[in-house]
S.K.: 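Encoded as structure tokens, here's the structure I'll be asking about.
In this chain, residues are counted from 1 in sequence order. Whatever order the structure lists them in is the order used to number ligands and atoms, beginning at 1.
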Amino acid sequence: MSESETSIAALLERALDAFESGFGRPATLAAAAPGRVNLMGEHTDYNDGYVLPIAIDRWAVIVGDVAPETESISTWYSLDLDEEYEADLQQPLQPVTLDWVNYPLGVVEEFRQHQIELPNIDFVLTSSVPIGAGLSSSAAITVALATMFAEALGFDLDPIRKAQWCQRAEHEFPKVPCGIMDPMIASLASEGDALFIDCQSHETKRVTMPPQDDAVLLIANTNVKHALATSEYAARREECRLAVEELRAVLFRQEIQSLRDVTANDLRQARDQMDPVFMRRAMHVVNENIRTLESIRALMQHDLQRFGEYMFASHVSLRDEYEVSCAELDTLVELAGELSLAIAGQDRGVYGARMTGAGFGGCAIILCRPDAVDLVTQYLVDGHLAKFDTAPTIFASHAVAGARAITVASEE
Ligand code: GLA
């Protein structure tokens, strides 16, 4: 998709047109929320750890209008899938087989759980966040929708609460056991900044991204979607929970609640008495938390070389200790490494690279000098093609601001 197709303005125009032609009246409400990549801190959010995502300039856009009083149902339309759903919100809500519908159903249910009754709202949804690419297309949808619902009610929904509601919405209806990172960044991001999130306290801190004259962030989509991704994700969560149980017993420390409460030293001490798989998962999480804090220090000191080294180290840990990478992601990161000082000992413009998101396919990110973008892109495409017969989709992105309600121009 070209930039003219992925921008909020382009999506908004298409959604407004579709709404008007489908419903015979103009939309009066609109909201947008972005996708994301995570720069550092992978598989740490559900372990009460640290993450450092940015929101990217790919969006879910939703436009809507309160349904006429004569109608007892809400009509929801996915423009990209060309699928319509009639939601009867008077009935108790249940998950449905039409997958995309479970996201809005989950959000409606969250409002209800908080004693907020929504009127029937018809809406049209469209998105430029690629689905299944690990760029958080689902949080973009739930957060955009929660933003539009709050706007419709004139309700001031705090962005952190919004993120928590959206996380629960995903747990309860689509049944995706995601962490808090994706809705938090979609909700709270600010232009030009990464967001450090302490996933235990939900405290956040903005970390200024390097100027685009110094560094460009490339997103390389392997276009691989592993069927096992959701079950493996749930399996990792469970392994971490069991690692915590073992650590509690081995270290005689009942107060350990999550992997956030253990240090690298604790792990060394417990090593011989623990299940080796749980140990490796714990090692990744504990070290990834340290890397996240260290990499923020590097970013703040404008030391992109060091930041890049942490990216490579994070990838190795995700590949070997946490085992959530795949051959395509490893290849992209290896190819990027061949253009870097950190791995190849020769600086051809790459600072660092790693997989991003849940893994098992999806995207790698590469931080490189602006003058190296063409070389890196070609090198990765050629190298990937040579090995897998398919080309990755590569595009540059930058840190954008998070969810916003959009005022729809009235015709009077
Ligand atoms: C998915 C989840 C996030 C996070 C990442 C891994 O994107 O939705 O909550 O756990 O995987 O870091």
Side-chain angles (χ1 to χ4, degrees), residues 33-56 58 60 102-103 106 129-143 160 163-189 194-200 202 204 219 221-222 224-226 228-241 258-260 281 284-289 291-292 295 310-311 314-315 317-319 321-326 329 354-365:
R36 64 101 189 87
V37 291
N38 187 19
L39 300 180
M40 193 64 68
E42 216 64 81
H43 287 276
T44 48
D45 62 350
Y46 53 84
N47 287 303
D48 281 352
Y50 306 125
V51 293
L52 185 69
I54 63 167
I56 58 169
R58 296 289 169 121
N102 286 315
Y103 295 87
V129 188
I131 294 173
L135 299 178
S136 188
S137 57
S138 53
I141 292 172
T142 54
V143 172
I160 296 180
Q164 290 168 326
W165 292 14
C166 288
Q167 182 193 16
R168 265 195 307 267
E170 277 208 50
H171 287 187
E172 300 299 326
F173 278 73
K175 306 280 182 203
V176 179
C178 59
I180 192 70
M181 167 170 71
D182 303 347
M184 281 282 270
I185 185 69
S187 182
L188 282 150
L195 190 70
F196 168 69
I197 308 170
D198 177 337
C199 299
Q200 187 171 53
H202 294 166
T204 60
I219 300 175
N221 187 353
T222 59
V224 174
K225 294 173 194 168
H226 282 286
L228 286 177
T230 311
S231 57
E232 286 293 324
Y233 183 86
R236 291 298 173 282
R237 284 192 78 132
E238 180 61 6
E239 286 161 0
C240 289
R241 194 185 66 74
S258 69
L259 291 175
R260 172 70 173 271
R281 307 301 188 238
H284 165 74
V285 173
V286 169
N287 289 325
E288 186 79 350
N289 278 334
R291 267 190 293 273
T292 305
S295 69
Y310 291 125
M311 290 176 81
S314 168
H315 185 81
S317 178
L318 287 158
R319 185 191 65 196
E321 311 283 16
Y322 217 69
E323 296 178 280
V324 289
S325 189
C326 64
L329 286 168
R354 63 188 282 275
M355 54 155 276
T356 190
F360 311 104
C363 293
I365 49 173

S.K.: How far apart are the C-alpha atoms of Ser138 and Glu170, what are their side-chain angles, what is the distance that settles it, and do they pass the side chain to side chain donor-acceptor pair (under 3.5 Å) test?
M.R.: CA-CA 8 Å; Ser138 53; Glu170 277 208 50; 3.1 Å; yes
S.K.: For the pair Thr142 (side chain) and Ala139 (backbone), establish whether a donor and an acceptor sit closer than 3.5 Å, ignoring hydrogens and angles.
M.R.: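 Yes, Thr142 side chain to Ala139 backbone: donor-acceptor pair under 3.5 Å.
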S.K.: Taking Glu42's backbone N and O only, do any of them form a donor-acceptor pair with Glu288's side chain (distance below 3.5 Å, no angle check)?
M.R.: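 Judged by distance alone, yes, a pair lies under 3.5 Å.
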S.K.: Write down, by chain and number, every protein residue that brings a non-hydrogen atom to less than 4.0 Å from an atom of ligand 1.
M.R.: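 Under the 4.0 Å cut-off, ligand 1 touches Arg36, Glu42, His43, Asp45, Tyr46, Cys178, Gly179, Met181, Asp182, Tyr233, Gly357, Ala358.
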S.K.: Run the side-chain hydrogen bond (donor to acceptor under 3.5 Å, both in side chains) test against Asn221 and tell me which residues pass, sequence neighbours left out.
M.R.: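 For Asn221 the side-chain hydrogen bond (donor to acceptor under 3.5 Å, both in side chains) partners, ignoring immediate neighbours, are Asn223.
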S.K.: Going by the rule side-chain hydrogen bond (donor to acceptor under 3.5 Å, both in side chains), which residues pair with Arg237 if we only count those two or more places apart in sequence or in a different chain?
M.R.: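 Counting only residues at least two positions away or on another chain, Arg237 forms no side-chain hydrogen bond (donor to acceptor under 3.5 Å, both in side chains).
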S.K.: Listed by chain and number, what are the side-chain hydrogen bond (donor to acceptor under 3.5 Å, both in side chains) partners of Tyr103, not counting sequence neighbours?
M.R.: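 Partners of Tyr103 by the side-chain hydrogen bond (donor to acceptor under 3.5 Å, both in side chains) criterion come out as none, since no residue qualifies.
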